[in-house]
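Before any comments, here is the structure.
In this text, all values refer to a predicted model and were calculated from it rather than measured experimentally.
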Amino acid sequence: MNGSMKKYLAEFVGSAALVIIGCGAITLGGHGGALASAQPLSTLAILPIGLAFGLAVTAMAYGIGPVSGCHINPAVTIGVWTAGRMPTSEVPGYIIAQFAGAIAGAAILYVMLAGKVGGYDVATAGLGQTGWSGYSMVSAAIAEFVATFLFLVVILGATSKAGSTPVAGLAIGLTLAVLHLAFVPVSGNSLNPSRSFGPALFVGGTALAQVWLFLVVPTLAGAVAGMLFKSKTLEN
């Protein structure tokens, strides 16, 4: 297997793991119905969800980071590319692998939940999808842009030549966890087009109708962050 295919396979595995672990913490933890509606979640309920996503990213950073850099997020790939840190030729493969992995992860989680005693209604309880119901679309868009931008600033700073550190993966994962505490009530805190698309594909309805925001806004935020690093505005 050539180098590029190894990277794509790593991104597929990492993206699947992120959805299984992160969205699994939501649905298997019994919080899917609340996130799929306007019901407020307490900080104590959001904390394990944030940690599940954040620590999944941390684990994958050390697991597949040496192979692909562990983007497992199209917005991260766009940010890294815009910052001039990866060749254009690899961008489509990364993004395709990330979406394929997220869909596979959502499928595995769906099959797991279908085996719940008493059944599992994915239309009602969801699959850990993101969306807005208690806030406006504008609020959700602002939350996704700000959170993704901050996430990319940490990623690009922690992996830069001047800022690179052995604990970069931990810093990135904890940042994602903290961002969940602030933004889950507004938009579900996606910051990741593929992470949102995979579950929405199985849930359909409102989740699929709203997924466009999570495809567009995080990608734009990633590009803006990348340009600021490319121009040396946020990098020495």
Side-chain angles (χ1 to χ4, degrees), residues 1-19 22 53-105 144-176 179 189-198 214-236:
M1 185 179 291
N2 64 37
S4 291
M5 289 305 297
K6 287 181 179 179
K7 292 177 181 179
Y8 304 153
L9 178 59
E11 288 295 303
F12 175 91
V13 171
S15 297
L18 179 66
V19 171
F53 278 104
L55 294 179
V57 166
T58 297
M60 288 298 104
Y62 294 107
I64 66 170
V67 179
S68 68
C70 188
H71 296 185
I72 58 176
N73 180 341
V76 173
T77 295
I78 292 299
V80 172
W81 171 69
T82 307
R85 299 186 189 176
M86 72 179 294
T88 302
S89 60
E90 290 186 344
V91 173
Y94 265 66
I95 293 176
I96 290 170
Q98 290 154 2
F99 273 97
I103 293 169
E144 285 296 310
F145 188 93
V146 170
T148 306
F149 176 81
L150 294 175
F151 189 42
L152 263 293
V153 166
V154 172
I155 291 172
L156 295 173
T159 57
S160 66
K161 290 181 180 179
S164 182
T165 166
V167 296
L170 181 60
I172 292 166
L174 290 178
T175 298
L176 182 59
L179 290 170
N189 198 60
S190 169
L191 325 185
N192 185 333
S194 56
R195 170 263 181 272
S196 286
F197 184 79
F214 303 101
L215 300 179
V216 174
V217 176
T219 302
L220 291 176
V224 170
M227 286 188 286
L228 290 176
F229 276 82
K230 176 74 172 179
S231 66
K232 302 297 182 181
T233 303
L234 290 178
E235 186 174 13
N236 290 325

Partners meeting side-chain contact (heavy atoms from CB on, under 4.5 Å) with Pro166 (sequence neighbours left out)
none
Quick one: does Ile72's side chain get under 4.5 Å of Glu11's, heavy atoms only?
yes
Taking atom types as modelled and ignoring hydrogens, do the side chains of Arg85 and Thr159 form a donor-acceptor contact shorter than 3.5 angstrom?
yes
Do Thr58 and Leu174 have side chains that get closer than 4.5 Å, going by heavy atoms?
no
When rounded to the nearest 0.5 Å, the distance separating CG of Leu234 from CG of Leu228 is 5.0 Å
Quick check for you: to the nearest 0.5 Å, what is the distance between Phe53 atom CZ and Ser190 atom OG?
8.0 Å
According to ring pair (Phe, Tyr, Trp, His ring centres under 6.0 Å), who are the partners of Phe197, at least two apart in sequence or on a separate chain?
Phe99
So do the side chains of Tyr62 and Leu170 get within less than 4.5 Å of each other, counting heavy atoms only?
yes
The reported gap from NZ in Lys7 to SG in Cys70 (rounded to nearest 0.5 angstrom) is 14.0 Å
Are any of the side-chain heavy atoms of Met5 and Tyr8 separated by less than 4.5 Å?
yes
With sequence neighbours excluded, give me every side chain to side chain donor-acceptor pair (under 3.5 Å) pair touching residues 217-232.
Ser231-Thr233
Going by the rule side-chain contact (heavy atoms from CB on, under 4.5 Å), which residues pair with Leu9 if we only count those two or more places apart in sequence or in a different chain?
Met1, Val13
Under 3.5 Å donor-acceptor pairs involving side-chain atoms of residues 148-157, not counting sequence neighbours:
residue : atom : partner : partner atom : Å
Thr148  : OG1  : Glu144  : O            : 2.6

What distance do Ser89 atom OG and Tyr94 atom OH have between them, rounded to the nearest 0.5 Å?
10.0 Å
Which atom pairs, one a donor and one an acceptor, fall under 3.5 Å between side chains of residues 73-80 and the rest of the protein, sequence neighbours left out?
residue : atom : partner : partner atom : Å
Asn73   : OD1  : Ala75   : N            : 2.8
Asn73   : ND2  : Leu191  : O            : 2.8
Thr77   : OG1  : His71   : ND1          : 2.9
Thr77   : OG1  : Gln98   : NE2          : 2.8

